[in-house]
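In what follows, a single structure is set out as structure tokens and then discussed.
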Amino acid sequence: MHAMSTMAMAGKGSCPLITIQPSRGLIDEKFQITVKNLLPGQAVTLHSLTQSEDSDFWEAFGHYVSDGKGTVKVAEDVSLGGSYDGLEPMGLLWSMKPAPGSRPGLRFRKKDVNTPLVMRIYVYKGHMRDGFNAESALACAVTERSYMAPGVRRTEISQDGVLGTLFVPPGPGPFPAVLDMWGGGGGLVEYRSALLASHGFVSLALEYFSSRTMGNASEKNPLTGNEYFEAAFIILKEHPQVASEWVALLGLSFGTSVALGMAVYSSVIQPSCVVCISGSHVQPVKESISGVFAEFGKNVHKTRYDENNYVIWRDLLLPIPTDPNKKVDLGRIKCPLLLIVGEDDQNWPAAESAEDMERMMETAGNRHLLTTLSYPGAGHLIEPPYSPHVRFSNFMLLQEKKKVVVLWGGETKLHSYAQEDSWQKILAFLEQHLYHNHDTTPQ
Amino acid sequence: MQITKMEKSITAMAGKGSCPLITIQPSRGLIDEKFQITVKNLLPGQAVTLHSLTQSEDSDFWEAFGHYVSDGKGTVKVAEDVSLGGSYDGLEPMGLLWSMKPAPGSRPGLRFRKTDVCTPVVVRIAVYTGHIGDGFTEASALAHAVTERSYMAPGVRRTDIRQSGVRGTLFVPLGPGPFPAVLDMWGGGGGLVEYRSALLASHGYVSLALDYYSTQVMEKSPDNDPSLGYEYFETAFTILQDHPQVASDRVALLGLCFGTAVALRVTAYSAVINPRCVVCISGSHVQPVKEPISSIRAEMQKNYYKFRCDQNNHLITRDMFLPVPPDPSKKVDVGRLKCPLLLIVGEDDQSWPTAESAEDIEKMMETAGNRHLLTTLSYPGAGHLIEPPYSPHAYASKMIVDQIKIKVTMLWGGETKLHSHAQEDSWQKILAFLDQHLYCSPGTSSHL
């Protein structure tokens, strides 16, 4: 009771109140955080806190000053410092870093997409940088951010040798669909597909670069041959709730290699459009996917290291070869292509590859199919928005069974801007080519 | 659900290959939040029906529908377009909720009430071709989406209160507090209703949903309750004040129906209960003030002969307190009130004489010189059950009448559209009133 009256006197009897709107949203939605009933012109720190599935704490904070009414509105006011500054409505999410004392090399990834991410926002007196103790907060609120909208159904797929997770929006359909491919070292990542289904697309998060599918990686392993991806595409096309003419490919990193190779050379896979994030067209075109991987292995001597001994792999595919057998012939692509490039990508030479792809398409006369979004200061891991940016993280080399620290690149604010902007543009691109172009036959 | 390839291509051809998509924003919200429903990828100028469906805890289906025509882009936006008919018409962004009625074939006399506030109300919104009034099957919809609407914001904690003889449920917002608080009292025959308190906590108030009507406090006679029944409510009020997360000088009373009678009575006469402000919905100040609170019920029973029935044999009970008596011992002396009072009046209230009582309350306060404390919001066409917004309007529903123990159909009154607008407007005004007097006003003195 004594503590209560001290607090009451501290605020001269007012009760600070913090609200988050919406209190339950999707992971890619913006929120509005408002703090009311502070003193006018009061210095406060807003602090966000969440705990990952691995039990690590991630946090961010911003320094604000309340207005004449004792109100702070994060969507309208400027952060004067902290883990982010400036007018940044979503800074309390994307600028999150592991709490002091955490293990190094962490990356924030949620495996279980059935449950929401739970995040608390606290407000403290004064401009603090550490010592955030919940008991001394003036007020607190919590928000739940989900990967799946209500009604979206998740099914594990193990069919015709194909492994993955399927997400289907509610309703009879038919819906357009996306074959969603991540890159190396991720295992099966579901959250992007869960979000795509929340936006009206059937989405198959394809498992192909994991110990289950790569196990004894060899060119003869049917699970990682081109037939594997063709089988996955057919599963989507023939799904009773998929509009079979409207299936897209979306790849990040190595997934880009798969997407481009399949879109150009496969007679089975004819996507309505393709989205490639942080990847390259450079690959031995007559090989299966595991052959591509082996080709990279031949260039491992081009690995560089930064001052912290973090691994830089972007040179493994440089220089962009002139030999047409060593890169996908983009002149043959027949559908719209969206390239997302982080100009500070330290993992893949996405920018150089994008330039070369544009040249090839200019020469071949299909340049009009290409849209390139290039983001200064963005790194390799361009993911759905507001997830914390990491410039480097631990990475397990599958075959050598060795852990290294990989440099992804990117400056946090610019990278986060790129995630927000590119996700909007990806959704608009998919909507345009999968939902709207229904009077024109796919080219 | 099996859809054959043939059905798939027929559906595709029907829409000329387009895939209608319906979105609800937010897909998860609080029960009192507005949503925006958008349907895209229809044909331009296409006639469609939007249909909402939910299932109550008693397994009854409730539904609403509206007739729309898409614009030149094949889009319908419920927040901006006009419904041409259905269970609601006009520009009504929330019509698919508040105009819900029990599905055809349901038992009569139903009222939509959720007892479990820990889980959301799940509503399915579907779009159908053409302007239809029935035959809303899942298989024939063009598209559907789902929204979850919760009573509790994340972080709100619910606790059963069984303390010092008081029964109720406490809802506390997340955070250290201290928070202002509300003692929340419903009326007769409802049991312990939690959803309004759950919502209040979601808006930053500690709220105690008080169970009193079915407890012993209403059974005591004057001989064994010298406190006139105030003690139970005083204990409840003190429990709130003393709660470690409550700002003890910022506690309000909120009552509906019989809860109004209690709120006015204890505020005027209890030495212990000194609320910062009081909200009274659909109630009256008429009661024998020298008798225990329990005798209000007895007084009502004496006047059962005044009950009327409408043409459907629905019971109209509003006359039991009429005419408003001039005798001061027969009504709460509201001239004694020292805190702001907000009255919510449904002008078509068939259950209690709310409008007449509000007029008399105003006259008394004018005479006593404390009229400046009073705000009255009077809603034409609104009935008795003025609840948090968007819940389906109940014009009449079954209830067990006190003491007689017969189930009758009570006429609550209200025209659905006007009643629903009253719920939306009054709830906003109630929250603003509580915000003004519990959060914003400085100091500890209880006058304006």
Which atoms of A:M119 approach chain B - backbone, side chain, both or neither, heavy atom under 4.5 Å |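 No part of it gets close to chain B.
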Checking B:L30 against chain A: side chain, backbone, both or neither under 4.5 Å from a heavy atom?
->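 When you check distances to chain A, only side chain atoms of B:L30 fall under 4.5 Å.
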Interface moiety of B:T23 toward chain A, non-hydrogen atoms closer than 4.5 Å |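 Nothing of B:T23, per the 4.5 Å heavy-atom cut-off to chain A.
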Would you say the side-chain atoms of B:S202 pair up with the backbone N or O of B:A198, donor to acceptor, closer than 3.5 Å?
->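 It does hold such a pair.
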Who among A:S136, A:G151, A:S23, A:S198 has the most heavy-atom pairs with chain B under 4.5 Å?
->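 Most heavy-atom pairs under 4.5 Å with chain B: A:S23.
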Name the option with the most non-hydrogen atom pairs under 4.5 Å to chain B; the candidates are A:C140, A:G200, A:P150.
->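 When all of A:C140, A:G200, A:P150 are compared, A:P150 has the most.
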Side chain to side chain, B:F237 and B:V251, heavy atoms closer than 4.5 Å =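 SC-SC contact between B:F237 and B:V251 confirmed.
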Using a cut-off of under 4.5 Å on heavy-atom pairs, state which of B:S150, B:G74, B:P26 scores highest against chain A.
->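 When all of B:S150, B:G74, B:P26 are compared, B:S150 has the most.
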Distance-only polar pair, side chains of B:E63 and B:H51, donor-acceptor under 3.5 Å |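 On atom types as modelled, these side chains qualify, holding a pair under 3.5 Å.
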May I ask you to decide whether B:R28 forms a salt bridge with A:E144, counting only side-chain N to carboxylate O separations under 4.0 Å?
->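 Between A:E144 and B:R28 there is no salt bridge, as every charged N stays at least 4.0 Å from the carboxylate O atoms.
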Determine, step by step, whether A:K36 and A:S66 satisfy the side-chain hydrogen bond (donor to acceptor under 3.5 Å, both in side chains) criterion, reporting the C-alpha distance in whole Å, the side-chain angles of both residues, the deciding distance to 0.1 Å, and the verdict.
-> CA-CA 9 Å; A:K36 301 208 294 193; A:S66 65; over 6 Å; no
